[in-house]
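Below you'll find the structure, written out as structure tokens, and then a few comments.
Just so it is clear: chains get the letters A, B, ... in the order the sequence lines come, proteins before strands, and each one is counted from 1.
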Amino acid sequence: MSLYETIKTRITNQLSVAANSAQAAGELIFEELPNYVLEEPRDRQHGDLATNLAMVLAKQAKRSPREIASTLIRHLDTTETWIESSEIAGAGFINFHLDPLWLTNVITEVLKAGEAYGQVDIGKGQRVQVEFVSANPTGLLHMGNARGAALGDSLASLLTMAGYQVSREFYINDAGNQIHNFALSLEARYLQLLGQDAPFPEGGYHGEDLIDTVKGLVAKEGDKYLSIEPGLRREFLVRYALGEKMRDIRETLQDFGVEYDVWFSEQSLHDSGEVRLTLEELQKKEYIYEKEGALWLKSTLFGDEKDEVVVRSNGTPTYFAADIAYHRNKFDRGFDRVVNIWGADHHGHVARMKGAMSALGYDADNLQIILMQLVRLIQKGEVVKMSKRSGQYITLRELMEEVGKDAARFFFNLRDPDSTVDFDMDLAKAQSSDNPVYYVQYAHARLSSILRQAEELGDNGVQPLEEDLKRLNSSEERDLLKKMADFPSEITVAARLMEPHRLARYVLDLAGLFHTFYNSQRVLVDDEGLRRARLSLVRAVKQIVGNVLRILGVSAPERM
RNA sequence: GCGUUCGUAGUUCAGCUGGAUAGAGCGUCAGACUUCGAAUCUGAAUGUCGGGGGUUCGAAUCCCUCCGAACGCACCA
């Protein structure tokens, strides 16, 4: 635990002790200690930390919050808390001012931990699986997939930092109806390319990339599939196209900085019989009934709005059936928590998926689904409908070429997944230099530059003396140090809420505080002690900026 | 119609389990480079937190209601 967290825990505990001892002394009456918080006030004049304990006690104690506050302060043991002074403010807040010297420990802490600074252990080694993107292999990756990739990959890294054992997974939708449509589309393109008059299937995939795929095949293998049996022909075409599409998806995501641990095939669930076994298990538990020739899951028993078909009247299982088998498989692989990132258009699926897990006897609370609002494409001020079927969308590849991987990943991770993003490619291109990512990267380059120059001046990275570290007491330095000390708590909150975008905000703040410091204090001063102290501060800031950027999948340049 | 999510400055968006005077970027205005990187910094202006009600010491945050938006409500995935 970092020093700052230790201090906060200690004070929080001592506050309860103070309340209890005041009660024992007959100076305060309450039945049960209510929930209270110890937090950093927004306004620095309100001290370093503040608590609302007196206010939340007011009702039970039947006294004014300010009176209670003064009683609490009298009973508070401040040893080992770094508390320098306490005061009562506002409606009854207790504000604590800490001895600023505690801050100098932060630098040592950061430099000692290095890449591990910020690691916390709320995960306690639990195994978590994060499944994200899982795009249909029937087209190229688009903006929505880009958002999912940025979010999912950063979330996985964040959870790793928070002490979870994380596995990244991609679910390949290589079965079912869409593959059938895919096959028909491929076949039509194939026949058309070879001069035949083939109608394009209804509901087929119009993307240009599909034509390119078929062209590639014709260039390699000519018209050898023209004369064979259509069923066999489609099978060949699908196998070829699927291989190519998945290779492309894999490479594109890799270039976007995403490395998966597992690529899981939907078809394999059918082949292994898991889909059938899962349905049998549900049948045995009597959660399945027949109606109009189809098999239905009683998902309404578990909070769904209506029951769902799992086997069609023609005898084929639905996508939902395969998905149930898939999630059963996930839990059976031993994950303590399973996290899915889905587009908001799938929200109707959440209740039934959780319901299905409950039906199978798993704790649905261990299945967490993060819904991400859609990315809307804007062109010339108008919303353009994106769709794989129509073939009209901006690809992840194009996005990376136009604005770059770093800008794209930062852009998505700057936003709450709950907010809809309007994306205008022309605007993004024109404004790509305004992307806040450069603000952070510039700070990193600037930090690196200072260290390079220090080296040229003969600095050999000698640790500063403690009394020199204590000289970092300007308001700019103290604000910066506080922000640095807060990093482990930021990781804790972000991981608990599964919100990596908090880290993007954090690193922007940190970079801003550094830039402010840089403009007000000189690092490479003649005074050797002070210089060493500031250089160690610079090293520590650089370390943290680098650590955050690594989580966000953004590069941390030495120069730019 | 029912459900999910959202509505915060001119604009794009932050705002942890309810906390003190609601914050950033861009844009606007005024300043700062012969010294460590001006992709930076300093200062100024800008708000009925969609409207209304409720809960309480205290609400952008929780509840209700209305208005508006996106997305769902298939034997598609």
Side-chain angles (χ1 to χ4, degrees), chain A residues 35 37 39 41-43 45-46 50-52 54-56 58-59 64-65 89-93 95 136 138 173 175-179 181 203 266 291-296 305-306 308-320 322-323 343-351 371-374 376 383 414-422 427 431 433-443 445-454 457 489-490 492-494 496-497 499 501-502 504-505 508-509 511-512 514-525 531 534-535 538 559-560:
Chain A
N35 288 331
V37 292
E39 60 188 358
R42 206 178 358 244
D43 187 341
Q45 295 195 337
H46 293 137
T51 182
N52 63 350
M55 278 135 83
V56 294
K59 195 163 205 172
S64 85
F93 288 99
N95 295 340
N136 286 339
T138 51
N173 301 131
N177 243 325
Q178 53 168 3
I179 290 298
N181 280 337
E266 177 184 352
K291 193 178 86 181
E292 294 161 6
L295 296 183
W296 299 70
E305 288 168 45
K306 56 185 198 47
E308 296 292 327
V309 172
V310 285
V311 178
R312 302 184 184 89
S313 48
N314 68 9
T316 59
T318 58
Y319 174 84
F320 182 44
D323 219 13
D345 51 339
H346 286 66
H347 67 76
H349 200 51
V350 175
L371 290 174
M372 162 186 87
Q373 294 298 314
L374 302 182
R376 292 195 303 171
V383 176
L414 215 41
R415 281 161 177 72
D416 184 327
D418 271 336
S419 65
T420 314
V421 169
D422 285 341
L427 209 62
Q431 300 186 338
S433 63
D434 288 338
N435 192 304
V437 74
Y438 299 114
Y439 184 82
V440 179
Q441 289 185 318
Y442 182 63
R446 199 177 227 182
L447 287 155
S448 306
S449 171
I450 297 170
L451 294 175
R452 271 197 304 274
Q453 288 177 55
L457 292 172
S489 310
E490 292 283 347
T492 303
V493 173
R496 201 183 61 227
L497 300 172
E499 293 182 348
H501 73 275
R502 285 170 178 279
R505 298 280 158 186
L508 273 175
D509 287 348
F514 164 69
H515 284 310
T516 299
F517 155 75
Y518 177 88
N519 277 279
S520 72
Q521 322 280 335
R522 209 182 146 75
V523 176
L524 301 175
V525 289
R531 185 173 72 236
R534 289 197 174 142
L535 276 170
V538 165
R559 291 187 167 84
M560 55 192 287

Handout entry: Any A:T51 side-chain N or O less than 4.0 Å from OP1/OP2 of B:G19
Key = no
I'd like a list of close polar pairs between nucleotides 21-25 of chain B and the protein, N/O only, cut-off under 3.5 Å.
none

Problem - Gap in Å between the two P atoms, one belonging to B:C49 and one to B:U11, rounded - result: 15 Å
Practice task
Grab the CD-P distance between A:E490 and B:U17 for me, whole Å please.
Solution key: 14 Å
Problem - Whole-Å P distance, B:A22 and B:C66 - result: 31 Å
Fill in the blank from the handout: The side chain to side chain donor-acceptor pair (under 3.5 Å) partners of A:D509 (sequence neighbours excluded) come to A:K483
Completion exercise
Taken in chain and number order and not counting sequence neighbours, the residues that satisfy ring-ring contact (aromatic ring centres under 6.0 Å, His included) with A:F320 are A:H349
Problem - Partner set under side chain to side chain donor-acceptor pair (under 3.5 Å) for A:K291, not counting sequence neighbours - result: none
Problem - Euclidean distance, A:N177 CG relative to A:Y319 OH, rounded to 0.5 Å - result: 13.0 Å
Exercise for the section: Report which part of the nucleic acid A:N435 touches: base, sugar-phosphate, or nothing (heavy-atom distance under 4.0 Å, all strands). Expected result: nothing
Handout entry: P spacing across the pair B:C63 / B:U56, given as an integer number of angstrom
Key = 16 Å
Completion exercise
Between CZ of A:R376 and C1' of B:A69 the distance, given in whole Å, is 8 Å
Fill in the blank from the handout: From CG of A:N52 across to P of B:G19 the rounded distance in Å is 9 Å
Practice task
Indicate, with a heavy-atom threshold strictly under 4.0 Å, whether A:A454 touches base, sugar-phosphate, or nothing.
Solution key: nothing
Practice task
With sequence neighbours left out, write down each residue that passes salt bridge (Lys or Arg N to Asp or Glu O under 4.0 Å) with A:R446, or none if nothing qualifies.
Solution key: none
Practice task
Report the distance from atom CG of A:L414 to atom P of B:C13, rounded to the nearest whole Å.
Solution key: 10 Å
Practice task
Give one of base, sugar-phosphate or nothing for A:S313, where a contact means two heavy atoms less than 4.0 Å apart.
Solution key: base
Practice task
Check every strand shown and say whether A:D323 touches a base, only sugar-phosphate, or nothing at a heavy-atom separation below 4.0 Å.
Solution key: nothing
Problem - Rounded P spacing from B:G1 to B:U55 in Å - result: 30 Å
Practice task
With heavy atoms under 4.0 Å as the rule, sort A:V311 into base, sugar-phosphate or nothing.
Solution key: nothing
Exercise for the section: For B:U17 versus B:U12, give the span between their P atoms, rounded off to a whole number of Å. Expected result: 25 Å
Handout entry: ring-ring contact (aromatic ring centres under 6.0 Å, His included) involving A:H515 - partner list, sequence neighbours excluded
Key = A:Y439, A:Y442
Fill in the blank from the handout: A:Q453 meets the side chain to side chain donor-acceptor pair (under 3.5 Å) criterion, sequence neighbours left out, with A:S449
Practice task
Please report the shortest heavy-atom distance between A:Q373 and A:S419, naming the atom on each side.
Solution key: CB-O, 3.5 Å
Practice task
Measure distances between side-chain N and O atoms of A:N95 and base N and O atoms of B:A20, and say whether any donor-acceptor pair falls under 3.5 Å.
Solution key: yes
Practice task
Could you check whether A:A344 gets within reach of a base, just the sugar-phosphate, or nothing at all, counting any heavy atom under 4.0 Å?
Solution key: sugar-phosphate
Problem - Under the side-chain contact (heavy atoms from CB on, under 4.5 Å) test, residues paired with A:N314 that sit two or more places apart - result: A:R312, A:T316
Completion exercise
Ranking A:G90 and A:G293 by the position along RNA chain B of their nearest nucleotide, the one closer to 5' is A:G90
Exercise for the section: Specify the residue among A:H349 and A:M55 whose closest nucleotide of RNA chain B lies further upstream toward the 5′ end. Expected result: A:M55
Problem - Residues which pass side-chain contact (heavy atoms from CB on, under 4.5 Å) with A:T492, listed by chain and number, not counting sequence neighbours - result: A:E5, A:V120, A:I122
Problem - Residue A:V37, side-chain atoms from C-beta onward, closest of B:U4, B:U17, B:C6 - result: B:U17
Practice task
For the pair A:R534 (side chain) and A:R522 (backbone), establish whether a donor and an acceptor sit closer than 3.5 Å, ignoring hydrogens and angles.
Solution key: yes
Practice task
Determine the interatomic distance between C1' on B:A38 and the same-named atom on B:A45; round to the nearest Å.
Solution key: 24 Å
Problem - Spacing of the P atoms in B:U28 and B:A69 (rounded, Å) - result: 32 Å
Problem - Involving RNA chain B, stems made of at least three consecutive Watson-Crick or G-U pairs, both distances under 3.5 Å - result: B:1-7 with B:67-73, B:10-13 with B:23-26, B:28-32 with B:40-44, B:50-54 with B:62-66
Handout entry: No-H, no-angle donor-acceptor pair, A:D345 side chain to B:G72 base, under 3.5 Å
Key = no
Practice task
Compare side-chain N and O positions of A:N177 against OP1 and OP2 of B:A77 and report whether any pair is under 4.0 Å apart.
Solution key: yes
Handout entry: Closest contact, heavy atoms only, A:P65 versus A:A91
Key = CB-O, 3.3 Å
Problem - Expected output: side-chain A:N95 to main-chain A:A50 donor-acceptor under 3.5 Å - result: no
Problem - Closest heavy-atom pair and its distance - A:L374, A:A344 - result: CD2-N, 4.0 Å
Problem - Pairwise C1' distance, B:C16 and B:C57 [rounded to whole Å] - result: 22 Å
Practice task
Take the protein atom CD of A:E308 and the nucleotide atom C1' of B:C73, then report the distance between them rounded to whole Å.
Solution key: 10 Å
Practice task
Output the single nucleotide from B:C75, B:C16, B:A20 whose closest atom is nearest the side chain of A:A89.
Solution key: B:A20
Exercise for the section: Using a 4.0 Å heavy-atom cut-off across all strands, classify A:Q441 as base, sugar-phosphate, or nothing. Expected result: nothing
Practice task
Report yes if at least one side-chain N or O of A:H501 is closer than 4.0 Å to OP1 or OP2 of B:G15; otherwise report no.
Solution key: yes
Exercise for the section: Figure out the CZ/P separation between A:R496 and B:C16, and round it to whole Å. Expected result: 11 Å
Handout entry: In B:C33, glycosidic geometry as syn within 90° of 0 or anti otherwise
Key = syn
Practice task
Rounded off to whole Å, could you give me the CD-to-P distance for the A:Q373 and B:U12 pair?
Solution key: 17 Å
Practice task
Just jot down the side chain to side chain donor-acceptor pair (under 3.5 Å) partners of A:E499, sequence neighbours excluded, or say none.
Solution key: A:R502
Practice task
Rounded to the nearest angstrom, tell me the gap between atom OH in A:Y319 and atom P in B:A74.
Solution key: 17 Å
Fill in the blank from the handout: Each nucleotide of nucleotides 28-41 of chain B classed B (base within 4.0 Å of a protein heavy atom), S (only sugar-phosphate) or -, in 5' to 3' order, makes -------BBBSBBS
